[in-house]
Amino acid sequence: MDTTSAPAAAPLAIGVIGAGTMGLGVAQALAAAGHQVTAVDPVPAALNSAPDRLRAGLRAAVLLGRQEAATTGSTAERIRFTAELKDLHNASFLIECAPERISLKQDLYSALDTLCSRDTVIATCTSAIPVELLSIRVQAPERILGMHFMNPAYAKDAVEVIRGKDTGDATLARAHHLLHTMGKKGIVVHDAPGFVSNRVLMATVNDAATVVQEGTADATAVDAIFQDCFGHAMGPLRTADLIGLDIIVDTLHVLRELTDSPQFTPCALLARLVAQGKLGRKTGEGFHRYATQQA
C-alpha cells in the first residue's frame, strides 16, 4: 500500500506535536494524503532543521515508490511549522509525538485540554506510556487513544492503535478513517505499558544488546541470525538504530518503571552508546555505522 493510491478524502486540519524523527514522518505522511498539517515543536534546533529533514524524507519516499516526485512540492506546502502550541486550537485531530516522559506528556495533555475543542481527537504516538495515564488529564477522556506509528511513518502500511478503557467508539472510528485516507490500516490492541509492539521489541533489543555486550556475537551476527534464520526483514539492532537508541533507552526506562520488571533495565552497552551520542542512523553510528547521517 502506498500514498499514491490512498483514497481521496476531504482534507482535515491536523496538528502534530513534535518535529523530531517521528513527528516529522507523521506530518509528511498526513500531508502526502492531502491534509493540512501544523507541526509544533518548542525546540529551535528541531524547527530550524525540519524543512531540510522534510525534503530528505520526501526524496526517500519517492525512491521507495511511496510518492510521485511531482507531488513532493505540494506535500511540503501543506505543512506549517511553529513553536506555538496555541496554533493548534483549530485542529480537528491531534497526533502527539512528544518525548517519552510521563510527566512531560501529562502536562501537555492538561494544556491541550484547555486549548482544544472537546470534539478534537487527541492520539498519542507514545512508545510505551499507557493511554490511561494521559487521558486522566483531560475532561473528555473518550476522545483520547493511541496511534503508534512506526519509523519511517511514511513508509509503513500499518499502525498499532491503542484503545484506552475510556476511548469512545466514535474516536476509534475517526482514527480508522484518518488512517484509511493515508492508505494505512490500524491494528487495534488494548491499553498496557508498551502495548504489543514495544512490550516485545524493547525486551528483544535489550537482550540483543546484552548478547553483544557479553561477547557472544557482534551486532552484525546478531542481526544476521534474525534475518537469515528467522526471515525478519531487519535484525533487532538495526531496528534499534532506525528507531534511535535514545528513544530505546527512554522507552525501556518507562517500561521498567511501569512494570517493575528488571528485563527492561537498559544494559550497560545501550546506556554507553547513548552517552557517547551514538544514537543510530540519525547520528551515523549506533550498533552499526552508516555511510550518511539520517536526521
Test side chain to side chain contact (heavy atoms under 4.5 Å, CB included) applied to Ala153 - qualifying residues, sequence neighbours left out: Met22, Val26, Phe149
N/O donor-acceptor pair under 3.5 Å between Asn151 side chain and Leu242 backbone: yes
Taking every non-hydrogen atom, the tightest pair across Leu237 and Ala209: CD2-N, 3.9 Å
Run the side-chain donor-acceptor check on residues 265-275: report pairs under 3.5 Å with partners two or more places apart or on a different chain.
unit_1, atom_1, unit_2, atom_2, d
Thr265, OG1, Arg256, NE, 2.8
Thr265, OG1, Pro262, O, 3.3

Qualifying salt bridge (Lys or Arg N to Asp or Glu O under 4.0 Å) pairs, either residue in residues 234-255, two or more places apart: Arg101-Asp250, Asp246-Lys282
Side-chain heavy-atom pair Pro141, Ile136 within 4.5 angstrom cut-off: no
Lys/Arg-Asp/Glu bridge criterion (N-O < 4.0 Å) met for Asp169, Arg174: no
Common cluster, Leu201/Val161, ILVMFWY with side-chain heavy-atom separation under 4.5 Å: no
Main-chain N/O of Lys86 paired with His89 side-chain donor or acceptor, under 3.5 Å: yes
Asp191 (side chain) donor-acceptor with Pro130 (main chain) under 3.5 angstrom: no
Validation row: Met182, Leu30 side chains within 4.5 angstrom (heavy atoms): yes
Exercise: identify the closest heavy-atom pair between Val205 and Pro236: CG2-O, 3.6 Å
Backbone of Glu142 reached by a side-chain donor or acceptor of Thr171 within 3.5 Å: yes
Non-hydrogen side-chain atoms of Gln36 and Leu12 separated by less than 4.5 Å: no
Working for side-chain contact (heavy atoms from CB on, under 4.5 Å), residues Arg55 and Thr72: CA-CA 8 Å; Arg55 283 189 285 272; Thr72 59; over 6 Å; no
Test side chain to side chain contact (heavy atoms under 4.5 Å, CB included) applied to Ala83 - qualifying residues, sequence neighbours left out: Leu47
Spatial distance of atom CG (Leu252) from atom CD (Glu100) [nearest 0.5 Å]: 10.5 Å
side-chain hydrogen bond (donor to acceptor under 3.5 Å, both in side chains) pairs, two or more places apart, involving residues 201-223: Asp223-His288
Non-hydrogen atoms of Gln263 and Ala203 that approach each other most closely: OE1-CB, 3.6 Å
With sequence neighbours excluded, residues passing salt bridge (charged side-chain N to carboxylate O under 4.0 Å, His left out) with Arg143: Asp113
Linked, directly or transitively: Val159 and Ile247 (ILVMFWY side chains, under 4.5 Å): no
Arg78 (side chain) donor-acceptor with Thr38 (main chain) under 3.5 angstrom: no
Non-hydrogen atoms of Gln67 and Ala32 that approach each other most closely: OE1-CB, 3.8 Å
Approximate separation, where rounding is to 0.5 Å, of Thr114 OG1 and Gln139 CD: 9.0 Å
Ser49 side chain to Ala45 backbone, donor-acceptor under 3.5 Å: yes
Sidechain-backbone polar pair: Asp41 side chain, Ala19 backbone, donor-acceptor under 3.5 Å: yes
Arg66 vs Asp157 side-chain heavy atoms within contact, under 4.5 Å: yes
Option passing side-chain contact (heavy atoms from CB on, under 4.5 Å) with Ile95 (candidates Leu178, Thr124, Val37, Val121): Leu178
Sidechain-backbone polar pair: Ser110 side chain, Gln106 backbone, donor-acceptor under 3.5 Å: yes
Taking every non-hydrogen atom, the tightest pair across Thr75 and Gln28: CG2-O, 4.0 Å
Exercise: identify the closest heavy-atom pair between Leu24 and Ala50: CD2-O, 3.8 Å
For Ser197, all residues meeting side chain to side chain contact (heavy atoms under 4.5 Å, CB included), sequence neighbours excluded: His148, Met150, Glu160
Connected-component partners of Leu63 among ILVMFWY, side-chain separation under 4.5 Å: none
Of all pairs that satisfy salt bridge (Lys or Arg N to Asp or Glu O under 4.0 Å), the ones with a partner from residues 87-99, not counting sequence neighbours: Arg80-Asp87, Glu96-Lys105
Distance, nearest 0.5 Å, that separates CZ of Arg163 from CG of Asp166: 10.0 Å
Any donor-acceptor N/O pair, Thr120 side chain to Ala91 backbone, under 3.5 Å: yes
Transitive ILVMFWY cluster of Leu133, excluding itself - 4.5 Å side-chain cut-off: Ile17, Val40, Leu85, Leu88, Leu94, Ile102, Leu108, Tyr109, Leu112, Leu115, Ile122, Ile129, Val131, Leu134, Val138, Ile144, Ile162, Val189, Phe195, Val196, Val254, Leu258
Residues which pass ring pair (Phe, Tyr, Trp, His ring centres under 6.0 Å) with Phe226, listed by chain and number, not counting sequence neighbours: Phe230, His232
Distance (rounded to the nearest 0.5 Å) between Ile243 CD1 and Ser127 OG: 7.5 Å
Any residue meeting side chain to side chain contact (heavy atoms under 4.5 Å, CB included) with Ala175, in chain and number order, not counting sequence neighbours: Phe93, Leu145, Met147
